[in-house]
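Here's the structure we're looking at; comments come further down.
Here is the naming used below: chain letters follow the sequence lines, and residue numbers restart at 1 for every chain.
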2 protein chains.
Amino acid sequence: MKRTTAADVARRAQVSTATVSLIVNGKAEGRVSPGTRDRVLAAVDELGYRVDAVARDLATGRRHSVALVVPDIANPYFSHLTQGVAGRLGGGYQLCLVIADPAHDPRPAGLDRIVGERVDGILAEAPAVDLIRRLDGRTPLVVLDRPSPGWDSPYVGFALSEGATALIDHLLDLGHDQIGYLDADIGVPTFKARRACMDDRLRAVTGHGFTGPDVQARTDIDAAAEAFTAHWDGWRAAGVTALVCAADVQAYGVLRAAARLGAAVPGELSVAAFDDLPFSALVSPPLTTVKLSAFDLGHRAAGLLLGLMEGRPLDGAVPLLPASLQVRGTTAPPKPAR
Amino acid sequence: MKRTTAADVARRAQVSTATVSLIVNGKAEGRVSPGTRDRVLAAVDELGYRVDAVARDLATGRRHSVALVVPDIANPYFSHLTQGVAGRLGGGYQLCLVIADPAHDPRPAGLDRIVGERVDGILAEAPAVDLIRRLDGRTPLVVLDRPSPGWDSPYVGFALSEGATALIDHLLDLGHDQIGYLDADIGVPTFKARRACMDDRLRAVTGHGFTGPDVQARTDIDAAAEAFTAHWDGWRAAGVTALVCAADVQAYGVLRAAARLGAAVPGELSVAAFDDLPFSALVSPPLTTVKLSAFDLGHRAAGLLLGLMEGRPLDGAVPLLPASLQVRGTTAPPKPAR
DNA sequence: GTGAAAGCGCTAACAG
DNA sequence: CTGTTAGCGCTTTCAC
């Protein structure tokens, strides 16, 4: 009732395990006679032999697997990213998913494991530098979304500041002056950066930053709706006429909550966000948002990692992916003051 | 520049590798003197030693990892499922994601790999029996969503037929008689079963099945919108006044396409689906759908697998998760015939 | 308390 | 062409 091993196959085919190894790995070309090859293959088949990846990996030092570290797979942004990674990786590598949200778990056990696991490569959503330090420093690492400050690993991200600038300018052009911000409570720089880029632009043009209460919410519809419900009075009191959310899913919650509170969008409040999920064109009103293709991000990052793992050096800097503003129905000029 | 091994630590701490092993695994209780323990711990720290999981696993036979096989991680249904699995698994197991859509790739390489990888357990979205046969038959397996016909593995799923029946009856009660169906093109039984359950009920009550063209589309908004656009005439010609979709995301596409084609929902066409994703309450009109909590499914399946892996026998049959109809705004009585 | 030694199952030189 | 042998790095009896 045990696993069948190469030794079993060897015994049955009257050869050595070395020969079995050569054959099952397709390295038998011109080194093994067709006769023995067939005998071995037959034995493999009859016994249902599969090479033990653990033993092979121990012997060869390769792992045929890469780890992907993301904070929250339920967010479509990250699941699209994962899809992109998986698609590019193809069948040659096993994808090990590590869900680690640094804000909620500063020392994710998963991270320590992946270095013990000796994966061939790591893709990590904008990890903090002290997380990177806990890696072994030898495994190829590609950082997603944002460079880790003070650490230069290869990374692929979006031209975030362009998108953020476009969004702020759009709001300013419409006549908004007091803009509120609903942030994500997830501790990854992606979200920090979204805010920071907009804040920079806002200050550069108006001399002040975001207006009203500083609110963070989980990146899901219900949490964002609750947060909006709790803080809408505060924002309104501060004169906020436009609210930017860190993620589309949050904007959905805001839209729902605003409808329930009787706050007209975009009449009384303009709403905008980041991601441009497929659903964003469908909500009503359709959401003005900065498009970030997470799928492309994952796809490209995986491609880069593939190169690194095969020892190819990076050919120059990796171009940033576009972050373009999609203007739709949730933004409009503010109501003239009464 | 090599990885530091237990031997390095042993040398530095003047002990044997056996002692190192005992200590780093916390099995030193009363078997190692505090003095040597501290020496070893210090050496571990200075050298940055981490046990090599591959070698450990080869020696112990355990893997501390489970594989999750799903057809499409970009579909929120499966990403929520994954989230549920990951949450329940916790830090003790590494999650290996295998994306394998049997319809598009009948012999996914990923599947063969996981048996070679010797994972401790497998969670698989309703696998076909010949896929199960390619597993090693020894690794604990929990089937998600639908039992594999003619194979009894532990499985956890929804009371689909109840939800399907409720939906059909709802439509019938409203006065619909000709009901169309937009199916998923993904080859997993989850989707097949959704259709089959409804078809059963429909035939039982009306004597006929679904009406109009047999259409399948990818489970994403755009693909479903296209499919609807291409086939709306066919459905209408067949007298269809209600359309059921295999998944909420498809219904979103249908809603969008219907709006563009000028088909009023629910005035001219009622629309319903399965999943009840968080967005479904937000589209307009809000979607009537059968709620299936993929998160709970993943969570419970992972719990079951955990038990199996620890050698606990299943305590009786696993109860099905509820599949309850959520009636919202996309279903209404058909327009009276002119 | 601690160490020596025998595997875990496979790969890769090196002989023959 | 094929077999022998020496690891890969760790765990785990079993002596000392």
Checklist entry - So does A/R63 pair up with A/D120, basic N to acidic O under 4.0 Å? => result no

Next on the checklist: Check A/D8 with A/R11, please: is the shortest side-chain N to carboxylate O separation under 4.0 Å?
Outcome noted: yes

Next on the checklist: Mind checking if A/V15 touches a base, just sugar-phosphate, or nothing, with heavy atoms under 4.0 Å?
Outcome noted: sugar-phosphate

Checklist entry - Between the two ends of the helix from C/dG1-D/dC16 to C/dG16-D/dC1, what is the bend in degrees, rounded to 10 degrees, where each end axis spans five pairs? => result 40°

Item to check | More than 12 heavy atoms of other groups within 6.0 Å of A/E310 CD | outcome: yes

Next on the checklist: Whole angstroms only, please: what is the CZ-P distance between B/R62 and D/dC10?
Outcome noted: 18 Å

Checklist entry - Does OP1 or OP2 of C/dG1 have a side-chain N or O of B/T36 closer than 4.0 Å? => result no

Checklist entry - Whole-Å distance between C/dG1 P and B/I23 CD1? => result 13 Å

Item to check | Closest heavy-atom pair and its distance - A/R56, A/V51 | outcome: NE-CG2, 3.9 Å

Checklist entry - Are any side-chain N or O atoms of B/T82 and backbone N or O atoms of B/F78, one a donor and one an acceptor, separated by less than 3.5 Å? => result yes

Item to check | Whole angstrom value for the distance that separates P of D/dC1 from CG of A/D38 | outcome: 14 Å

Item to check | Donor-acceptor contact below 3.5 Å, side chain A/S148 vs main chain A/W151 | outcome: no

Checklist entry - In B/S/- notation, 5' to 3', how is nucleotides 11-16 of chain C contacted by protein heavy atoms closer than 4.0 Å? => result SB----

Checklist entry - Within this structure, what is the CD-to-C1' distance between B/Q14 and C/dA4, rounded to whole angstrom? => result 17 Å

Checklist entry - With a 4.0 Å cut-off on heavy atoms, is B/G61 in touch with a base, just the backbone sugar-phosphate, or nothing at all? => result nothing

Next on the checklist: Using only atom types and a distance under 3.5 Å, with no angle test, would you say the side chain of A/R300 pairs donor to acceptor with the backbone of A/P319?
Outcome noted: yes

Checklist outcome for this item: Whole-Å distance, B/E29 CD to C/dG1 P, equals 11 Å

Checklist entry - Nearest-Å distance, CZ (B/R37) to C1' (C/dT2)? => result 16 Å

Checklist entry - How close or far is atom C1' of C/dC10 from atom CG of A/D57, stated in whole angstroms? => result 10 Å

Checklist entry - Within the pair B/T19 and C/dG3, is there a side-chain N or O less than 4.0 Å away from OP1 or OP2? => result yes

Checklist entry - CZ of B/R63 versus P of C/dC8: gap in Å, rounded? => result 18 Å

Checklist outcome for this item: Exactly one candidate in B/L89, B/V142, B/V119 meets side chain to side chain contact (heavy atoms under 4.5 Å, CB included) with B/V66; the answer is B/L89

Next on the checklist: Testing A/T219, A/D145, A/D72 one by one against A/Y77 for a side-chain hydrogen bond (donor to acceptor under 3.5 Å, both in side chains), which residue passes?
Outcome noted: A/D145

